[in-house]
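Encoded as structure tokens, the structure appears first; notes follow it.
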There are 2 protein chains.
Amino acid sequence: MRLTRFTDYAMRVLLYLGTRPDRICTIPEMTRAYGISQNHLMKIVHQLGRAGYVTSVRGRNGGIRLARPAAMINVGAVIRHSETQPGAEGLALLDCQTCRIAPACALTGVVDEALAAFFAVLERHTLADLLHGRTGALLDIFAATASEDPLPAATCVPPGFAR
Amino acid sequence: MRLTRFTDYAMRVLLYLGTRPDRICTIPEMTRAYGISQNHLMKIVHQLGRAGYVTSVRGRNGGIRLARPAAMINVGAVIRHSETQPGAEGLALLDCQTCRIAPACALTGVVDEALAAFFAVLERHTLADLLHGRTGALLDIFAATASEDPLPAATCVPPGFAR
DNA sequence: GGAATACATGTATATTGATTACATGATAGG
DNA sequence: CCTATCATGTAATCAATATACATGTATTCC
Ligand code: SF4
Ligand code: SF4
């Protein structure tokens, strides 16, 4: 029972962008701030773009920004979207498809109910809530980490760059 | 975001035993009923024993039975126990240990709250609830599957396979 | 126009955790 | 003693996730 790192990184991106509603941010910049894989982050940002949470601008001086105000971004919706496999109908916590007692099993219903309660809580929160009163602290951390550690060379190398 | 099969199998064992409070059941018997790995089931039963949910009797004519009435077995407690890694403190849905913004991150709290809501629902149910009005149907399924295939290849195939 | 910067996208590899298999020991009945 | 059953530790398999790699496309600036 864990959330994927994909989901967590998606939230981190939103948090990062939320602390800087004024400007456009780049993926390499966030990569440095969090010290995580640039390629992975790129896919996550791409997904967030397709889901309509962020707007990306290509080309020089391009980057990423929130597509809507933080108060319009629902934490539950983001996490649900991010945890849903691209092909699955909903997200099932158990694999009841191959289970012989499925037609007589009451556990499925209970677990679904619990999952609904889980998301009900998440859906009570927006990105703005998460940022409220914390943007200063977050900006401090980003500033500190961005300068302190220039990121392992490997991840900084632009893809396709001869080595 | 999934529950482990370990957890599901644990619940299946309890459901099986719950439909037969009168007699003692064996692991091979349940293996046949569900068509799942006997060794895996054995570990799960062992864990359930250590957690105090079932009582095992060794030796010939041995087997497993519920250690308490089904009404005293809380679904939430079983699942929480089963999902908790042997060594972890609690169960964390995200790996905040290695995250730079942890000190300023509000997401942790929200997710923990949601997880609490998840278990709150589960903890409102007991094994007896799950069995209520379904023991007949379950026994029918067990009887049908147990006789229909006497354990050869079919039951030893991992569930969810496609070959 | 050309170089540089930044996102887009598809494929391959690596890592991790869960699952299953294997091997062996212990206990109890008959 | 022999067999059926649970107990327990280790190893191999497998699948999902995460990361790396390669290349393409768009935009801006000179
Ligand atoms: S929840 Fe019930 S039906 Fe679904 S896999 Fe578990 S036992 Fe089977
Ligand atoms: S929840 Fe917050 S602190 Fe925990 S890993 Fe995600 S971003 Fe970091």
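All values below were derived from every heavy atom in this structure, side-chain atoms included, with hydrogens, water molecules and symmetry-related copies excluded. Letters A, B, ... are given to chains in the order of the sequence lines, protein chains preceding strands, and every chain is numbered from 1.
- The nearest pair of heavy atoms linking A:Phe118 to B:Val111 is CE1-O, 4.4 Å.
- When only modelled atom types and interatomic distance are considered, B:Gln47 and B:Tyr53 share no side-chain donor-acceptor pair under 3.5 Å.
- At least one side-chain nitrogen or oxygen of B:Arg5 sits closer than 4.0 Å to the OP1 or OP2 atom of C:dT20.
- Within a 6.0 Å radius of CZ in A:Arg23, more than 12 heavy atoms belonging to other residues, nucleotides or ligands are found.
- Between A:Thr26 and the phosphate of C:dC7, there is no side-chain N or O to OP1/OP2 separation shorter than 4.0 Å.
- Between C:dA23, C:dC7, D:dC6, one nucleotide has an atom nearer to the side chain of B:Pro28 than all others, and that is D:dC6.
- Under 4.0 angstrom from either OP1 or OP2 of C:dA8 there lies at least one side-chain N or O belonging to A:Ser56.
- Counting any heavy atom pair closer than 4.0 Å across all strands shown, B:Gly63 reaches sugar-phosphate atoms only and no base atom.
- If you check every strand for non-hydrogen atoms under 4.0 Å, A:Val45 touches nothing.
- B:Met11 and B:Met72 are members of different hydrophobic clusters when ILVMFWY side chains are connected at heavy-atom separations under 4.5 Å.
- The shortest distance between the side-chain N/O atoms of A:Asn61 and the OP1/OP2 oxygens of D:dC29 is below 4.0 Å.
- By the 4.5 Å heavy-atom criterion applied to side chains, B:Leu115 and A:Met1 are counted as neighbours.
- A close approach under 4.0 Å does occur between a side-chain nitrogen or oxygen of A:His46 and OP1 or OP2 of C:dT9.
- Contact annotation: the side chain of B:Leu66 never approaches that of B:Pro21 to less than 4.5 Å [non-hydrogen atoms, C-beta and beyond].
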Write down the protein N/O and nucleotide N/O pairs, taken from nucleotides 11-16 of chain C, whose separation is under 3.5 Å; answer none if there are no such pairs.
{"unit_1": "C:dT11", "atom_1": "O4", "unit_2": "A:Lys43", "atom_2": "NZ", "d": "2.5"}

